[in-house]
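Residue numbers start from 1 in every chain, and the chains themselves are labelled A, B, ... in the order their sequence lines are given, proteins ahead of strands.
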Amino acid sequence: MSVRRSSVEALLASQELDREVLVKGWVRTRRGNKYVQFIAVNDGSTINNLQVVADAEKFPEETLKDVATGACVAVRGTLVASQGKGQSVEIQASEIEVLGKADPETYPLQKKGHSLEFLREIAHLRPRTNTFGAVLRLRHALAFAVHQYFNDRGFFYVHTPIITGSDAEGAGQMFRVTTLPDQNPPLNEQGQVDYKEDFFGKATNLTVSGQLEGEVAAMALGKVYTFGPTFRAENSNTARHLAEFWMIEPEMAFYELEDNMGLAEDFLKYLVRYALEKCPADLQFLNDQYDKELLGRLQFIIDNDFQRLTYTEAVEILKSAKQKFEFPVDWGTDLQSEHERYLVEKHFEKPVILTNYPKDIKAFYMKLDEDGRTVRAMDVLFPGIGEIIGGSQREENLEKLQQRMQEMHVPEEELWWYLDLRRFGSAPHSGFGLGFERLVLFVTGMANIRDVIPFPRFPKNAEF
RNA sequence: GCUUCCUUAGCUCAGUCGGUUAGAGCAUCUGACUGUUAAUCAGAGGGUCCCUGGUUCGAGCCCAGGAGGGAGCGCCA
């Protein structure tokens with residue numbers, strides 16, 4: 001009775017056989033005959049199941065009947081070397097307790113595969129599948145690696161606000177946050193909703209980026225990063241966008257664009273290497289089930305330098321490309337997905353860092369180049385994902401920044417505190433944003449971003 | 001928001017030219033089998049053909065509108 005519960009992962013790795021063990025988990029399958037039953041139990045600690053062997057005569061028929069796919073069980077027994085092929089150890093059961101039944105007639109998950117679209121409709125149960133177990137363990141490993149990486153290199157984790165009072169971050173449509181009543185909200189003299197009456201005394205939104213606040217911290221702590229949820233109310237309907245996603249935004253004082261690129265490349269390689277080291281079984285499963293080139297592609301990322309070139313050079317390459325594009329390439333316009341894909345997947349066949357974009361297609365805070373036409377921006381483009389990182393050296397000169405804000409109609413009044421960073425002790429600094437789900441998408445080889453976050457938020461969908 | 005495809009059993013799908021009682025595999029249930037590995041074998045049950053309206057003697061199939069989903073594009077991370 002004093003046996004403590006072991007994880008499936010620990011038991012499968014155990015060298016210590018013929019001892020009493022206790023395992024608790026969810027039944028994946030049961031098969032067998034009237035003499036012997038085989039129950040595959042998974043507790044989430046690993047993608048692998050533990051095989052429980054039950055001599056049918058020892059257990060009441062009702063108990064075994066309840067040991068159905070999806071049921072939760074506690075099994076006590078002896079850990080023994082397996083007589084069958086396919087696993088090295090198994091449990092010879094002495095006690096089976098069904099902690100939670102799962103009616104086979106109505107339990108939606110089967111032991112056979114389901115489409116990812118169907119699983120999206122049962123997001124509360126899909127973590128129990130091999131696929132989502134693997135994705136969620138990888139997601140955790142990558143999140144942990146983010147903190148590990150920055151902590152080891154002297155970065156400080158700063159918590160930037162989720163509710164923001166400025167709507168000028170320039171990164172997209174925002175979700176309004178309000179406690180005003182839906183019916184008959186207070187109106188101002190112009191007949192518009194009067195947000196002076198609102199909870200914060202002004203209009204507030206969910207953040208689209210922690211960058212501006214990150215810069216505040218970098219101008220004091222030197223090297224910082226944020227890692228938190230961000231929100232975009234864009235009506236984006238693609239496999240690469242979410243309305244709620246997690247973003248990692250490092251911001252470093254005294255880093256120029258070159259340093260920024262170096263950090264981005266080293267960081268991405270570290271994360272991929274970490275996943276390969278910590279989650280080999282999960283990655284092997286995803287490789288076998290979804291994407292036969294996944295492991296090779298991950299290794300390739302680690303082993304090769306990213307191709308660095310300027311926007312202008314990229315435009316030259318695209319113009320002389322034999323391939324016909326749906327959209328024409330012209331200096332001054334932003335590259336289309338097809339152009340980025342050509343560069344990454346056809347021309348260079350490796351990750352690409354594009355720099356020095358025309359100023360008119362980039363954000364107001366990016367540092368102007370000497371020529372006055374381009375800015376010190378960098379986008380990291382990955383195969384299959386497109387833009388995984390967007391970053392830049394920031395404009396540290398007050399007058400130039402104010403000039404850019406005027407040109408791009410960014411209200412100075414709202415960002416007075418941001419301008420103060422340039423008024424008092426300004427310093428060259430750089431940073432970037434990494435969409436966490438795009439990273440998970442790349443590392444897992446999944447095709448749709450909605451399948452790499454437990455509860456995806458996207459237009460017309462906030463179930464669960 | 002745009003383009004395009006899809007919606008038939010719990011799941012994945014087939015359904016011919018518009019024609020009688022809508023099919024398959026898997027899952028489920030029942031039975032067989034003394035070590036299974038997405039077990040195997042035999043049998044059974046299971047349908048609002050997405051919704052609304054229309055055309056027609058007759059609609060799963062044709063038409064219109066709506067809803068939901070996928071892929072691609074745009075916006076971006």
Side-chain angles (χ1 to χ4, degrees), chain A residues 28-40 48-57 65 68-70 80-87 90 92 102-122 129-130 169-173 208-211 229-249 264 289 325-327 333-341 361-363 379-382 385-391 432-442 447-451 453 458-461 463:
Chain A
R28 286 296 175 77
T29 69
R30 177 169 63 88
R31 53 183 172 264
N33 51 51
K34 73 172 106 161
Y35 304 99
V36 59
Q37 295 275 310
F38 303 94
I39 306 156
N48 298 310
N49 302 327
L50 182 65
Q51 174 157 286
V52 172
V53 183
D55 290 332
E57 300 98 329
K65 212 172 150 72
T69 299
V80 296
S82 178
Q83 295 171 39
K85 290 168 188 168
Q87 60 280 319
E90 62 193 20
Q92 189 68 47
D103 179 5
E105 300 272 12
T106 52
Y107 184 63
L109 290 174
Q110 308 167 175
K111 45 185 151 185
K112 302 237 170 165
H114 291 290
S115 69
L116 294 169
E117 290 83 2
F118 172 66
L119 293 175
R120 254 170 242 156
E121 295 170 9
I122 48 168
T129 63
N130 286 333
E169 289 162 9
Q173 289 288 111
V208 292
S209 162
Q211 181 198 313
T230 49
F231 308 87
R232 306 269 168 97
E234 305 285 348
N235 188 14
S236 294
N237 294 286
T238 82
R240 299 184 312 282
H241 289 84
L242 291 165
E244 176 181 302
F245 65 101
W246 287 64
M247 191 151 61
I248 299 146
E249 295 177 287
Q289 288 295 315
F325 296 112
E326 192 186 337
F327 295 93
T333 62
D334 211 350
L335 300 183
Q336 305 284 320
S337 288
E338 57 172 340
H339 304 141
E340 296 181 350
R341 270 207 311 277
I361 58 173
K362 287 294 180 184
D379 283 1
V380 181
L381 310 179
F382 258 33
I385 306 288
E387 184 180 344
I388 194 167
I389 278 181
F432 61 80
L434 168 63
F436 185 57
E437 281 74 19
R438 288 195 181 168
L439 172 75
V440 181
L441 197 58
F442 179 76
N448 193 311
I449 202 163
R450 296 165 187 180
D451 297 329
I453 186 168
F458 52 95
K460 298 279 184 292
N461 193 298
E463 192 69 52

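- As rounded to the nearest Å, A9(B) and G25(B) have C1' atoms that lie 12 Å from one another.
- Counting non-hydrogen atoms under 4.0 angstrom, Glu338(A) reaches nothing in the nucleic acid.
- One atom, CG of Leu335(A), and another, C1' of C73(B), lie 15 Å apart when rounded to the nearest Å.
- Comparing the C1' positions of G10(B) and G45(B) gives an interatomic distance of 13 Å, to the nearest angstrom.
- The aromatic ring of Phe38(A) does not stack onto the base of G35(B), failing the criterion of a centre distance under 5.5 Å from the six-membered base ring together with planes under 30° apart.
- In summary, the side chains of Arg232(A) and Thr230(A) do not present any donor paired with an acceptor at a separation below 3.5 Å, with no hydrogens or angles considered.
- Looking at heavy-atom distances under 4.0 Å, Pro108(A) makes no contact with the nucleic acid at all.
- Looking at Arg438(A), its side chain comes within 3.5 Å of the base of C76(B) through a donor and an acceptor atom.
- Note on Ile389(A): only backbone sugar-phosphate atoms sit closer than 4.0 angstrom, heavy atoms only; bases stay farther off.
- The base of U36(B) is not paired with the side chain of Gln37(A) by any donor and acceptor separated by under 3.5 Å.
- Annotation: cation-pi geometry satisfied between Arg450(A) and Phe458(A) (NZ/CZ under 6.0 angstrom from ring centroid, within 45° of ring axis).
- U20(B) and U28(B) are spaced 31 Å apart, taking the C1' atom of each and rounding to whole Å.
- Of all heavy-atom pairs spanning Ser236(A) and His241(A), the tightest one is CB-CB, 3.7 Å.
- Using a 4.0 Å heavy-atom distance criterion, Thr238(A) is classed as a base contact.
- Within the 4.0 Å cut-off from OP1 or OP2 of C33(B), not a single side-chain nitrogen or oxygen of Asn33(A) is found.
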Map every base of RNA chain B to its dot-bracket character, where paired means a Watson-Crick or G-U wobble contact with both distances under 3.5 Å and | marks a partner outside the strand.
(((((((..((((.....[...)))).(((((.......))))).....(((((..]....))))))))))))....

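- At a cut-off of 3.5 angstrom, counting only N and O atoms as typed in the model, there is a donor on one side and an acceptor on the other between the side-chain of His241(A) and the base of C76(B).
- Residue-level contact check: Lys362(A) touches neither bases nor backbone, having no heavy atom under 4.0 Å from any strand.
- Using a 4.0 Å heavy-atom criterion, one finds that Arg28(A) contacts no nucleic acid atom at all.
- Between the side chain of Gln336(A) and the base of G74(B) there is no donor-acceptor pair of N/O atoms closer than 3.5 Å.
- Between the side chain of Gln83(A) and the base of G35(B) there is at least one donor-acceptor pair of N/O atoms closer than 3.5 Å.
- The residue Gly32(A) sits close to a base: some heavy atom pair falls under 4.0 Å.
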